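Note sheet for the following structure.
Only a predicted model underlies this, so the values are computations on that prediction, with no experimental measurement involved.
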2 protein chains.
Amino acid sequence: MSDKSIQILLVDDHAIVREGYRSLLQKQPNISVIADARDAAEAYQNYKTFQPDVVIMDISMPGQSGLEAISRIRQYDGQARILVFSMHQNPSFALQAIRAGALGYITKSSDPALLIHGIYQVYENKLSLSPDVAQALALEKLGQDKARLDDLTVREFEILRLLLEAKNNQQIADILNISPKTVSNSHYIIKRKLEVNSDIELTRLAIRMKLLNLRDLIDEAE
Amino acid sequence: MSDKSIQILLVDDHAIVREGYRSLLQKQPNISVIADARDAAEAYQNYKTFQPDVVIMDISMPGQSGLEAISRIRQYDGQARILVFSMHQNPSFALQAIRAGALGYITKSSDPALLIHGIYQVYENKLSLSPDVAQALALEKLGQDKARLDDLTVREFEILRLLLEAKNNQQIADILNISPKTVSNSHYIIKRKLEVNSDIELTRLAIRMKLLNLRDLIDEAE
DNA sequence: ATGACTAACGGGATATTTGCCCGATGTCCA
DNA sequence: TGGACATCGGGCAAATATCCCGTTAGTCAT
């Protein structure tokens, strides 16, 4: 390995970040950046052209996402070694990336040494995850959101829908012909079951669960 | 200007991005990076210590935001020249940054040449905006909701950001070093200014306004 | 049909938040 | 230097949230 350095293809849409990689990686004797790309299509092309040992890939890019690029590259070369370097700490991103065929997932907020380490790991076909992501993934793996949603009773679900339409207790009480107190109690129970402790969290969860139609929200905006 | 280079303080929580700046800026004969910082507090300290000519600042950082840092620095030195380099294309962010005292706002997706150009502009006390943001700001004059968003003061905007992260009053108070009561009051004022009457509506509005990253929310779901 | 279970409803009690007002202070600018 | 604003928070009544409780009614298996 000392006679032949690891050939890297860099994929990131931010020039400043590509610059950062280059600068950082140049200091590594066994690593050399042989090409870069600023989007998914270019990444795929350059993978075929340069046949790098390891691809370092950002997954948040305009147009086709990095995930798509990972799939394409893996389809072309089942042995491709891809390390995702992302700003997202969200373990769902990591999970998706791994599913798409990445071997590593390191967050941009990690110490650069972790990136270097990840490159070597991936080069040797070993999985490499940022500690923060690994931990989050582990915690999350015990199926959560959906299961929790299923804990709601039908009535609670109904009340939740109305709450999400930004109706207040009295309005909901009128609609359902129950006391505002019951609405308030249900609101509380819903939050407890869904393990959130504010309406803001509740709304975010609802959007993730697609209870609140994102399209509607987007189209509302101008 | 050729006999004395522009002294830069870099503020960004991502090491790789700081590396990118350094590498990029080192190629500029008239610019030298004399210090960096990874959060608001460190930025303030280092500003006082190093008295840089220009501060390059990311505004999305854990804990105290870049906006806070801008205010603090400007309070200490009314002549401070600050260039915000942000991933947010949303013109509201730019507006708030300018209000807080920044002289420039360049998006991270811009060509690096724009950053360099921005540095020179800001160094000469000239306003510098990314073309994309400038255009969006111009277009936005017609937006209904955005107009309302722009009614928020810098402080309110900052508190809104933290609220949207589902932080409670006490947490926000701790971060900003103010009383929970003030947070609560601001929360109320924000809702009144934005003409919503619940946190659920507030969150929906925030999503429409793209203050809350839609992509994150969508991708979070499985 | 009866006991066990659970959903739905809502009262009570207390803690916390909300909604709105106020004044104090600081800053910036004409 | 006076007025417009931003920031910070106290006060206080009304509303909600939180948690516990009991009642009613429907389901279901024995």
Side-chain angles (χ1 to χ4, degrees), chain A residues 148-164 166-203 205, chain B residues 40 64-65 67-80 92 95-103 125 148-164 166-203 205:
Chain A
R148 280 191 275 149
L149 245 196
D150 292 344
D151 285 347
L152 297 184
T153 67
V154 173
R155 192 55 151 180
E156 284 160 357
F157 201 80
E158 197 169 2
I159 291 174
L160 175 55
R161 293 208 94 91
L162 293 167
L163 284 170
L164 291 173
K167 296 193 169 16
N168 67 27
N169 289 350
Q170 188 57 60
Q171 291 173 307
I172 294 174
D174 290 345
I175 290 169
L176 300 179
N177 269 304
I178 56 179
S179 140
K181 178 61 177 153
T182 302
V183 178
S184 161
N185 281 340
S186 294
H187 188 170
Y188 164 67
I189 298 293
I190 289 167
K191 285 200 283 182
R192 194 171 55 176
K193 283 190 177 176
L194 299 185
E195 293 169 42
V196 299
N197 41 43
S198 72
D199 283 345
I200 289 178
E201 266 189 86
L202 182 65
T203 312
L205 178 67
Chain B
Q64 251 185 0
S65 82
L67 290 180
E68 176 72 16
I70 293 172
S71 299
R72 294 265 301 284
I73 291 172
R74 290 279 296 188
Q75 202 170 328
Y76 165 76
D77 174 5
Q79 298 308 304
S92 298
L95 197 61
Q96 298 296 349
I98 301 298
R99 284 209 184 128
L103 255 180
N125 275 298
R148 279 193 274 153
L149 244 198
D150 292 344
D151 284 346
L152 297 184
T153 67
V154 171
R155 193 53 148 181
E156 285 159 358
F157 193 78
E158 197 165 7
I159 290 174
L160 174 56
R161 260 196 51 238
L162 294 167
L163 285 170
L164 292 173
K167 294 191 170 15
N168 66 28
N169 289 350
Q170 188 58 60
Q171 291 173 307
I172 295 174
D174 290 345
I175 290 170
L176 300 180
N177 267 303
I178 56 180
S179 138
K181 177 60 178 161
T182 301
V183 177
S184 160
N185 283 338
S186 294
H187 189 170
Y188 163 68
I189 298 292
I190 288 166
K191 285 200 281 183
R192 194 171 56 177
K193 283 189 178 177
L194 299 185
E195 294 169 40
V196 298
N197 41 43
S198 73
D199 282 346
I200 290 176
E201 267 189 85
L202 182 65
T203 312
L205 178 68

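- Counting only heavy atoms from C-beta on, B:Thr153 has its side chain closest to D:dT7 among D:dG10, D:dT18, D:dT7.
- Ion pairing between a basic and an acidic side chain is recognised when a charged N comes within 4.0 Å of a carboxylate O; B:Arg155 and B:Glu158 show such pairing.
- In this structure, B:Ile175 places its CD1 atom 18 Å from C1' of D:dC8, rounding to the nearest Å.
- Residue B:Lys181 places no side-chain atom within donor-acceptor reach of the base of D:dT7, judged by atom type and a 3.5 Å distance cut-off alone.
- When rounded to the nearest whole Å, the span between CG of B:Leu67 and P of D:dA6 equals 16 Å.
- Between A:His187 and D:dA17 there is a side-chain polar atom (N or O) within less than 4.0 angstrom of OP1 or OP2.
- Between B:Gln75 and A:Pro180, the residue whose closest nucleotide on DNA chain C is further toward the 5' end is A:Pro180.
- For the pair A:Asp199/A:Leu202, a side-chain contact is recorded, criterion being any heavy-atom separation below 4.5 Å from C-beta on.
- Taking the side chain of A:Asn185 as heavy atoms from C-beta on, and the options C:dG10, D:dG9, D:dT7, the nearest nucleotide is C:dG10.
- Atom CD1 in A:Ile189 sits roughly 15 Å away from atom P in C:dG10 (whole-Å rounding).
- B:Tyr188 places its OH atom 16 Å from the C1' atom of D:dG9, with the value rounded to the nearest Å.
- Of the candidate nucleotides C:dC21, D:dC12, D:dA17, D:dA17 has the atom nearest to the side chain of A:Ser184.
- Between B:Arg192 and C:dG19 there is no side-chain polar atom (N or O) within less than 4.0 angstrom of OP1 or OP2.
- Atom-to-atom distance recorded for A:Ile175:CD1 and A:Gln171:CD is 6.5 Å, nearest 0.5 angstrom.
- Here the CG-CG distance, from B:Asp151 to B:Leu194, works out to 8.0 Å after rounding to the nearest 0.5 Å.
- Closest to the side chain of B:Lys191, out of D:dA17, D:dC8, C:dT18, is C:dT18.
- Dashed line: the shortest gap from a side-chain N or O of A:Asn169 to OP1 or OP2 of D:dA17 is under 4.0 Å.
- For D:dG9, one of the phosphate oxygens OP1 or OP2 lies less than 4.0 angstrom from a side-chain nitrogen or oxygen of B:Thr182.
- Listed nucleotides D:dG9, C:dT18, C:dG11 differ in distance to B:Asp199; the shortest reach to its side chain belongs to C:dT18.
- For the pair B:Asn197 and A:Ile178, both in contact range of DNA chain C, the more 5′-proximal nearest nucleotide belongs to A:Ile178.
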